[in-house]
Amino acid sequence: MKPVVLLAAALMAAGLAAQAAPTTLKGEVLEVQNVEGYTYVRAKTKEGEIWAAVPSASLKKGQQVTFHEPMVMTNFESKALKRKFDRIVFATLDESGAKQQAADAAAPANPHASAGAAAAAAPIGKIAKATGADGKTVEEVFANKAALKDKTVSIRGQVVKVNSGILGKNWLHLQDGSGAAAKGTHDIIVTTTDEAKVGDVVLASGTVKTDVNVGSGYAYAVLVDQAKLRK
């Protein structure tokens with residue numbers, strides 16, 4: 001899921017498990033408004049102008065940015081800005097964007113963003129499969145998504161990315177060493193109200209949802225929803 005996803009869905013996300021959907025959105029910064037924890041950006045993209053919300057960042061008008069793993073939310077009200085957005089994208093800035101921020105601000109990039117990107121890029125060693133009848137690996141959930149739809153599964157894996165506070169939930173990317181990166185079956189999104197950070201190994205128990213569409217072409221073949229976490 002960090003921010004995030006999609007917070008709009010943030011979602012965000014958020015990509016990660018997005019199977020047939022764009023995972024980045026590029027644009028030129030037209031306007032910036034900062035509030036605690038977030039930066040709201042009006043940007044010009046090839047699809048037209050959008051509003052986006054990202055974790056606090058140092059951005060300036062005219063800068064080119066790439067929104068990573070965007071998620072779309074409609075009728076979103078920002079209490080901090082005291083305004084309502086008909087449509088807004090929640091996302092993170094990808095690694096290249098973070099580096100550009102660092103250069104512009106002459107300061108280190110957001111440590112949470114860079115740590116998440118590094119962790120996601122690093123291979124995850126095999127993590128012991130959850131026990132019990134509902135214990136599954138990430139790869140097994142992808143492979144059996146139709147049969148598992150709306151059923152409870154438990155996955156033990158390492159958190160490689162976090163998008164927080166999207167639609168009242170945190171969106172985690174979980175990996176357990178199973179699956180194939182080339183096929184996108186190694187990383188699954190888990191939504192939860194529990195807290196976790198990049199690097200944590202957790203047992204996530206939630207409901208399998210398939211063909212999740214959050215609008216504007218952002219679709220997820222499978223995710224685990226409303227999970228409870230145990231460490």
So Leu174 and Val159, side-chain contact (heavy atoms from CB on, under 4.5 Å) or not? Walk me through it. CA-CA 5 Å; Leu174 213 61; Val159 178; 3.8 Å; yes
Got a sec: does the [atom1] of [X] have more than 12 other heavy atoms crowding it under 6.0 Å?
{"X": "Asp86", "atom1": "CG", "answer": "no"}
{"X": "Lys129", "atom1": "NZ", "answer": "yes"}
{"X": "Arg230", "atom1": "CZ", "answer": "no"}

From [atom1] ([X]) to [atom2] ([Y]), nearest 0.5 Å:
{"X": "Lys84", "Y": "Thr74", "atom1": "NZ", "atom2": "OG1", "result": "9.0 Å"}
{"X": "Ile127", "Y": "Gln158", "atom1": "CD1", "atom2": "CD", "result": "5.5 Å"}
{"X": "Lys61", "Y": "Glu28", "atom1": "NZ", "atom2": "CD", "result": "9.0 Å"}
{"X": "Phe142", "Y": "Asp187", "atom1": "CZ", "atom2": "CG", "result": "7.0 Å"}
{"X": "Glu139", "Y": "His186", "atom1": "CD", "atom2": "NE2", "result": "11.5 Å"}
{"X": "Thr66", "Y": "Leu25", "atom1": "OG1", "atom2": "CG", "result": "8.5 Å"}

In one Ile/Leu/Val/Met/Phe/Trp/Tyr side-chain cluster, 4.5 Å: Leu30, Ile88: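 Per the 4.5 Å side-chain linkage, Leu30 and Ile88 are not co-clustered.
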Cationic N near anionic O, under 4.0 Å, Asp176 to Lys126: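 No.
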Lys/Arg-Asp/Glu bridge criterion (N-O < 4.0 Å) met for Lys169, Asp225: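 Salt bridge flag = yes for Asp225 with Lys169.
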Check whether [X] reaches the backbone of [Y] with its side chain - one donor and one acceptor, N or O, closer than 3.5 Å.
{"X": "Ser56", "Y": "Tyr38", "value": "yes"}
{"X": "Thr210", "Y": "Lys149", "value": "no"}
{"X": "Ser78", "Y": "Arg83", "value": "no"}

Asn34 and Thr39: side-chain donor and acceptor closer than 3.5 Å?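 Per modelled atom types, Asn34 and Thr39 side chains form a pair under 3.5 Å.
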Going by the angle between their ring planes, with limits at 30° and 60°, are Phe76 and Phe90 parallel, tilted or perpendicular?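 If you compare the ring of Phe76 with that of Phe90, the planes turn out perpendicular.
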Just so I know, are the side chains of [X] and [Y] near enough to count as touching, which here means a heavy-atom distance under 4.5 Å?
{"X": "Ile50", "Y": "Arg87", "answer": "yes"}
{"X": "Leu172", "Y": "Leu229", "answer": "yes"}
{"X": "Arg156", "Y": "Val201", "answer": "yes"}
{"X": "Val208", "Y": "Asp150", "answer": "no"}

Show the nearest heavy-atom pair for residues Leu203 and Ser154, with the distance to one decimal.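 Shortest heavy-atom contact: CD1-CB, 4.1 Å.
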So, for Thr92 and Lys161, which heavy atoms are closest and what is the spacing to 0.1 Å?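 Scanning both residues, the minimum pair turns out to be OG1-NZ, 3.6 Å.
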What side chain to side chain donor-acceptor pair (under 3.5 Å) pairs are there with at least one residue in residues 43-53, not counting sequence neighbours?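 Counting only pairs at least two positions apart or across chains, the side chain to side chain donor-acceptor pair (under 3.5 Å) contacts touching residues 43-53 are Arg42-Glu49, Thr45-Glu47.
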Would Gln226 and Thr207 count as a side-chain contact (heavy atoms from CB on, under 4.5 Å) if you check the C-alpha gap in whole Å, the side-chain angles of each, and the deciding distance to 0.1 Å? CA-CA 7 Å; Gln226 299 286 3; Thr207 304; 5.7 Å; no
side-chain contact (heavy atoms from CB on, under 4.5 Å) between Thr192 and Lys228, worked out: CA-CA 6 Å; Thr192 179; Lys228 297 302 295 181; 5.6 Å; no
Applying side-chain contact (heavy atoms from CB on, under 4.5 Å), run through Asn170 and Glu195 and close with a yes or a no. CA-CA 7 Å; Asn170 301 318; Glu195 297 290 333; 3.7 Å; yes
